[in-house]
Engineer: 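The structure follows.
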Amino acid sequence: MVAENLALIAGATGAVGERVVDVLVATPGWQVVGLCRNPPESARDNVRYVKTDLLDARSCRQAVAAAGAVTHMVYCSRSPFGEGGVEDVPSNVAMFRHVLEASDVKSLRHVHLVAGGKWYGLHMGPFRTPADEDDPRHIPPNFYYDQQDFMSALRARRDWSWSSSRPNVIVDVAPGRGRNLISLIGAYAAICRETGAAFDFLGKPGCYDTLFELTDATLLARSIQWMLTDPRAADQAFNITNGDVFRWSRIWPMLAKYFGLECGIVRNTSMEFWMRGKEAVWDGIVQKYQLRPLKMEQVARWAFGDFVFGMDYDVVSSMNRARLAGFREMEDTPAMFLRHLNVYRAARVLP
Ligand SMILES: NC(=O)c1ccc[n+]([C@@H]2O[C@H](COP(=O)([O-])OP(=O)(O)OC[C@H]3O[C@@H](n4cnc5c(N)ncnc54)[C@H](OP(=O)(O)O)[C@@H]3O)[C@@H](O)[C@H]2O)c1
């Protein structure tokens with residue numbers, strides 16, 4: 001049977017891409033071709049992975065030729081980067097340009113670009129909140145600006161439409177992906193317990209009390225599916241977050257209770273520094289509780305913790321545009337924390 005929609009997902013195995021694939025293939029009428037350098041070995045219904053190097057224009061053209069009549073392209077890749085810094089513009093723009101030029105074919109109906117909170121300069125310091133999609137840009141470089149400008153300029157001469165999502169810090173149940181706040185906090189709690197330490201908040205004091213927001217990866221994927229298909233989303237960018245805000249000062253005691261630990265104090269220090277050399281402690285936890293044999297870096301990327309717990313200013317985006325255009329889903333963030341942690345425990349990734 002020929003599917004009505006054939007989506008090409010660039011970066012199909014990443015934090016965003018994996019969930020976009022899940023959501024699309026669970027919907028009748030959709031087939032997916034996923035691009036990445038290291039395709040998964042196990043097969044899935046309605047998904048075909050094609051080994052591609054997005055940095056190579058020829059490789060992108062070959063991948064699209066092998067995919068068939070692509071109707072939607074979702075771009076959720078990025079080149080390697082250091083936490084919290086300015087991400088490389090030439091490589092990120094080249095990757096996007098190569099795959100967009102290759103998939104700019106007659107059958108194409110929509111292009112979706114995943115951007116993020118760095119659009120507003122959240123990595124530079126305080127920014128205007130709640131962030132509005134039309135807020136003025138910060139001084140370049142910012143690869144998101146170049147990618148969106150390239151896409152919208154090309155679209156002006158084409159029949160397809162575009163959309164872009166701007167999620168904030170993405171959270172998920174993703175065993176083996178250390179760059180995930182939920183498993184990072186769970187691993188930190190397990191190490192606190194094992195070493196007899198209180199559940200201190202290791203980060204900037206201002207961060208503990210400021211307003212913050214997160215984006216659940218599945219919620220983001222559902223919003224992307226909405227943008228791919230709803231004409232009200234055409235040719236626009238949308239902030240996508242859980243739709244609520246929180247303060248760590250409210251969440252941290254709740255998490256301490258969940259882990260059965262004493263809620264500690266705020267310590268203005270680096271997780272990456274204090275977790276250095278704790279691999280043996282983690283390996284001991286894995287053995288003691290008969291967890292899946294994942295290494296500490298597969299459960300917690302501490303530098304990512306330092307980036308998140310170092311933002312001592314409000315991180316809030318307005319969800320008004322998406323809601324008014326028709327996407328009204330939301331996540332209750334405190335409940336999401338507990339739900340994700342329960343799944344991690346059930347999957348024997350956390351004790
Ligand atoms: N994660 C977050 O918390 C977050 C928050 C806000 C915004 N965002 C944005 O969301 C977008 C996606 O980020 P992500 O976190 O999902 O990325 P990610 O987890 O690092 O995934 C990157 C994906 O791209 C593939 N890839 C990387 N280089 C490639 C290349 N040269 N050729 C082919 N495939 C390549 C990777 O697979 P291979 O390694 O196998 O190639 C993987 O599938 C980015 O724009 C990011 O800034 C992310």
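In this chain, residues are counted from 1 in sequence order. Numbering of ligands and ligand atoms starts at 1, following listing order.
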Engineer: Can you tell me which portion of Ala12 lies within the under-4.0 Å heavy-atom range of ligand 1? Options are side chain, backbone, both, or neither.
Structural biologist: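 It is the backbone that gets close, since no side chain atom is under 4.0 Å.
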Engineer: Looking only at protein heavy atoms, which one is nearest to atom 37 (O) of ligand 1, and how far off is it?
Structural biologist: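 Result for atom 37 (O) of ligand 1: Thr13 OG1, 3.3 Å.
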Engineer: Of the side chain and backbone of Lys118, name the one, both, or neither that has a heavy atom under 4.0 Å from an atom of ligand 1.
Structural biologist: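 Neither part.
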Engineer: Who gets closest to atom 14 (P) of ligand 1 by heavy atom: Arg78, Arg179, His98?
Structural biologist: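 Among Arg78, Arg179, His98, the closest heavy atom to atom 14 (P) of ligand 1 comes from Arg78.
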Engineer: Looking at ligand 1, does any of its N/O atoms fall within less than 3.5 Å of an N/O of Phe304?
Structural biologist: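 Not met; the criterion fails.
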Engineer: What part of Glu87, side chain from CB on, backbone N/CA/C/O, both or neither, has a heavy atom under 4.0 Å from ligand 1?
Structural biologist: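 It is neither part, as no heavy atom is under 4.0 Å.
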Engineer: Mind checking whether Asn38 has an N or O less than 3.5 Å away from an N or O of ligand 1?
Structural biologist: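 Indeed, backbone or side chain, Asn38 has an N or O that close.
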Engineer: Among all the protein's non-hydrogen atoms, which is closest to atom 16 (O) of ligand 1, and how far away is it?
Structural biologist: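 Answer for atom 16 (O) of ligand 1: Val16 N, 2.9 Å.
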Engineer: Please state which option from Pro39, Ala15, Ser91 has its nearest heavy atom closest to atom 19 (O) of ligand 1.
Structural biologist: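 That would be Ala15.
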Engineer: Return the option from Pro80, Ala94, Ser77, Ser59 holding the heavy atom at the smallest distance from atom 35 (C) of ligand 1.
Structural biologist: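 It is Ser77 whose heavy atom sits nearest to atom 35 (C) of ligand 1.
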Engineer: Name the closest protein heavy atom to atom 32 (N) of ligand 1, giving the residue it belongs to and the distance to 0.1 Å.
Structural biologist: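 I find the closest protein heavy atom is Leu54 N, 2.9 Å.
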Engineer: Determine, using heavy atoms of Pro167 and all atoms of ligand 1, whether some pair is separated by less than 4.0 Å.
Structural biologist: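 Pro167 counts as a contact of ligand 1 under the 4.0 Å cut-off.
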Engineer: Between ligand 1 and Asn168, can you find any atom pair, the residue atom being a heavy atom, that is separated by under 4.0 Å?
Structural biologist: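 Yes, that is the case, since the closest heavy atom of the residue is under 4.0 Å from the ligand.
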